[in-house]
Amino acid sequence: HVQLVESGGGSVTAGGSLRLSCSPSGYGHITKCMGWFRQAPGKEREGVAAIYTGDSRTVYYADSVKGRFAISADNAENTVYLQMNSLKPEDTAMYFCAADLFRVTACGAGYVPDYPYRGQGTQVTVS
């Protein structure tokens, strides 16, 4: 049973930073895609970032966060991070970690909302 647990959300003022963490459990380290998507009230889910943990270098970002957010993976700690800088009020949303253990095509930020495994989410509020 795969479980994803997010942490690190909170409230910040515009221009501030937050770092989200995602710790998966229930499976060993295997080649997979992991990522983050967000959903604001009344809006559709938006894939934010994705990483191929097979090399931890192949990353993907939504245009809306490119240059401000950075996704990374620490395979030794089995943790994925989302560093969010220069936060804007429009970044306010519930952020979810997601994983696709067997994806055969590119991880792609846009695909993250459809990854089969996801956590409960962590709220990010920017004022």
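Position 1 is the first residue of the sequence, and the numbers go up from there. Worth saying up front: this structure is predicted, and the values here are computed from it rather than measured.
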Residues at least two apart in sequence or cross-chain that pass salt bridge (Lys or Arg N to Asp or Glu O under 4.0 Å) with R118, listed by chain then number, are none
When rounded to the nearest 0.5 angstrom, what is the spacing between CG in L82 and CE in M34? 11.5 Å
Would you give me the side-chain donor-acceptor pairs under 3.5 Å for residues 5-15, sequence neighbours excluded?
residue : atom : partner : partner atom : Å
E6      : OE1  : Q120    : N            : 3.2
E6      : OE1  : G121    : N            : 3.0
E6      : OE2  : C97     : N            : 2.8
E6      : OE2  : G121    : N            : 3.2

ILVMFWY cluster membership beyond V104 - transitive side-chain contacts under 4.5 angstrom: none
Tell me, do R68 and Y61 make a side-chain contact under 4.5 Å, heavy atoms counted? no
Tell me, please, which residues at least two apart from R19 pass salt bridge (Lys or Arg N to Asp or Glu O under 4.0 Å). none
Does D100 use its side chain to pair, donor to acceptor, with the backbone of C107 at less than 3.5 Å? no
What residues form a side-chain hydrogen bond (donor to acceptor under 3.5 Å, both in side chains) with Q39, not counting sequence neighbours? none
F69 vs L87 side-chain heavy atoms within contact, under 4.5 Å: yes
Those residues that, when tested against E90, pass side chain to side chain contact (heavy atoms under 4.5 Å, CB included) (two or more places apart): K88
Can you list everything that forms a salt bridge (Lys or Arg N to Asp or Glu O under 4.0 Å) with D55? Sequence neighbours excluded, please. none
Residues in side-chain hydrogen bond (donor to acceptor under 3.5 Å, both in side chains) with R45, at least two apart? none
Qualifying residues under side-chain hydrogen bond (donor to acceptor under 3.5 Å, both in side chains), relative to S86, sequence neighbours excluded: none
Using the ring-ring contact (aromatic ring centres under 6.0 Å, His included) criterion, which residues pair with F96? Sequence neighbours excluded. F37
Taking side-chain hydrogen bond (donor to acceptor under 3.5 Å, both in side chains) as the test, write out the residues that go with Y95, two or more places apart. R38
Would you please name every residue forming a salt bridge (Lys or Arg N to Asp or Glu O under 4.0 Å) with K66, sequence neighbours left out? D63
